[in-house]
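Worksheet for the structure shown next.
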2 protein chains.
Amino acid sequence: MDIRDKRILEALQEDATLPVADLADRVGLSTSACWRRIKALEEDGLIARRVALIDRRKTNVAMTVFVGVRTSRHSMAWLDAFRKVIQGIPEIVEAYRLTGDMDYLLRLVVPSVEVYDAVYKKMISEVDFTDVTSFISMEELKYTTAVPLRYA
Amino acid sequence: MDIRDKRILEALQEDATLPVADLADRVGLSTSACWRRIKALEEDGLIARRVALIDRRKTNVAMTVFVGVRTSRHSMAWLDAFRKVIQGIPEIVEAYRLTGDMDYLLRLVVPSVEVYDAVYKKMISEVDFTDVTSFISMEELKYTTAVPLRYA
DNA sequence: TGTGAAAACCTCGTAGT
DNA sequence: ACTACGAGGTTTTCACA
């Protein structure tokens, strides 16, 4: 990828409010050239969207819990049901299917262990699990939405 | 929190490009009232920042790897060193300290196992670990930067 | 809280390199 | 494909009623 496209993406990953003219200066392009590149990046879907990041501590979801999940029901129907449950629970902010015998890892944000327990109960009432393990995060050392662009 | 502030945050968490006037309509406020609320939410730090989300598959970091890390070096110096290493590696997008005997969980985005191996080697060359376990993600079932606002 | 107007910014055309 | 300029529309920003 063009080095200037990378620099545009790098900047917008950090701050999407940057005016095109400022960004153009930083990247070493004219405003219109820079604008056209941004349009192209949006068109091509490289820039998926622009969102506001909310401070979790100030919205009472300071606690992060990881939940490891195992199942013996290796059917597509089970996966679909699980998927639906995940989508319907806003406290689940990330979910991945991992290597190995159908293991899933979820990240939840909640106000407290009590609320986590309620979410946990809701989850197991809607899908079958053979095993659930939770890990509470004591500290967030790093969290960024910016991905490395050196491989692009 | 005010219900209208919540609705503003909900909308901006999904799409930060929304014009204030549109947002105002949706929330049922006048443009200026809505604008003042947004300003206040930024001022108070509830809206931390606005960023562009990049499509990982299109920037060649489609692979997600989770890395569990354990150490026997329970010193502040070790933690500081670890912190610095984490910050310096852009492939590490999330890092948490978990409950239990000094366990850490990292999330990395990389192009391939080969590159993951290189990052892994870099990591262990810079800090001491007693144990490292990695889990490769086969599928991302959910990823959102939007946090639930029902507790705010 | 709402109105309105100025300032800033985006959007995109055109011409020239 | 980029620069430079700029018109015209949209949006932001804020003073004042």
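A note on names: the letters A, B, ... follow the listed sequences, proteins ahead of strands, and every chain is numbered from 1. Reckoned from all heavy atoms, side chains included, excluding hydrogens, waters and symmetry mates.
Within residues 15-24 of chain A, no residue has a heavy atom under 4.0 Å from DNA chain D. Remark: nothing in residues 40-49 of chain B comes within less than 4.0 Å of DNA chain D through any heavy atom.
Not a single donor-acceptor pair under 3.5 Å links the side chain of A/Thr144 to the backbone N or O of B/Val93. Remark: the backbone N or O of B/Pro111 is not paired with any side-chain donor or acceptor of B/Glu91 at under 3.5 angstrom. A donor-acceptor pair is defined here as one N or O able to donate and one able to accept, closer than 3.5 Å; such a pair exists between the side chain of A/Gln13 and the backbone of A/Val147. For the pair A/Trp78 (side chain) and A/Asp128 (backbone), a donor-acceptor distance under 3.5 Å is present. In this structure a side-chain-to-backbone donor-acceptor pair under 3.5 Å is present from A/Lys6 to A/Leu149.
Atom-to-atom, CD1 of A/Ile8 to C1' of D/dC2 comes out at 13 Å; the value is rounded to the nearest Å. In this structure, the CD1 atom of A/Ile3 is 14 Å from the P atom of D/dC2, given to the nearest Å. Atom NZ in B/Lys39 sits roughly 10 Å away from atom P in D/dT12 (whole-Å rounding).
The SG atom of A/Cys34 sits 4.0 Å away from the CG atom of A/Leu23 when rounded to the nearest 0.5 Å. Taking NZ from B/Lys39 and OG from B/Ser32, the interatomic distance works out to 14.0 Å, rounded to the nearest 0.5 Å.
Ring to ring, A/Tyr104 and A/Tyr96 are not that close: their centroids are 6.0 angstrom or more apart.
Residues passing the side-chain contact (heavy atoms from CB on, under 4.5 Å) test with B/Val132 are B/Val67, B/Val69, B/Tyr120, B/Phe129, sequence neighbours excluded.
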Taking N or O atoms only and anything under 3.5 Å, show me the protein contacts with nucleotides 3-7 of chain D, one pair per line.
unit_1, atom_1, unit_2, atom_2, d
D/dT3, OP1, A/Ser30, N, 3.4
D/dT3, OP2, A/Ser30, N, 3.0
D/dT3, OP2, A/Ser30, OG, 2.8

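Under a 4.0 Å N-O distance rule, the pair A/Asp103/A/Arg97 does not qualify as a salt bridge. A salt bridge is absent between A/Asp80 and A/Lys84; no separation between the charged side-chain nitrogens and carboxylate oxygens falls under 4.0 Å.
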Acceptor/donor pairs from residues 49-57 of chain B side chains to any protein atom, 3.5 angstrom cut, sequence neighbours excluded:
unit_1, atom_1, unit_2, atom_2, d
B/Arg49, NH1, A/Glu14, O, 2.8
B/Arg50, NE, B/Glu42, OE2, 3.3
B/Arg50, NH1, B/Ala16, O, 3.4
B/Arg50, NH2, B/Glu42, OE2, 3.0
B/Asp55, OD1, B/Arg57, N, 2.9
B/Arg56, NE, B/Val61, O, 3.2
B/Arg56, NH1, B/Glu140, OE1, 2.4
B/Arg56, NH2, B/Ala62, O, 2.7
B/Arg56, NH2, B/Thr64, OG1, 2.8

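The footprint of chain B on DNA chain C, defined by a heavy-atom cutoff below 4.0 Å, extends from C/dT1 to C/dT3.
For the 3.5 Å distance criterion, the side chains of A/Ser134 and A/Tyr116 qualify, holding a donor opposite an acceptor.
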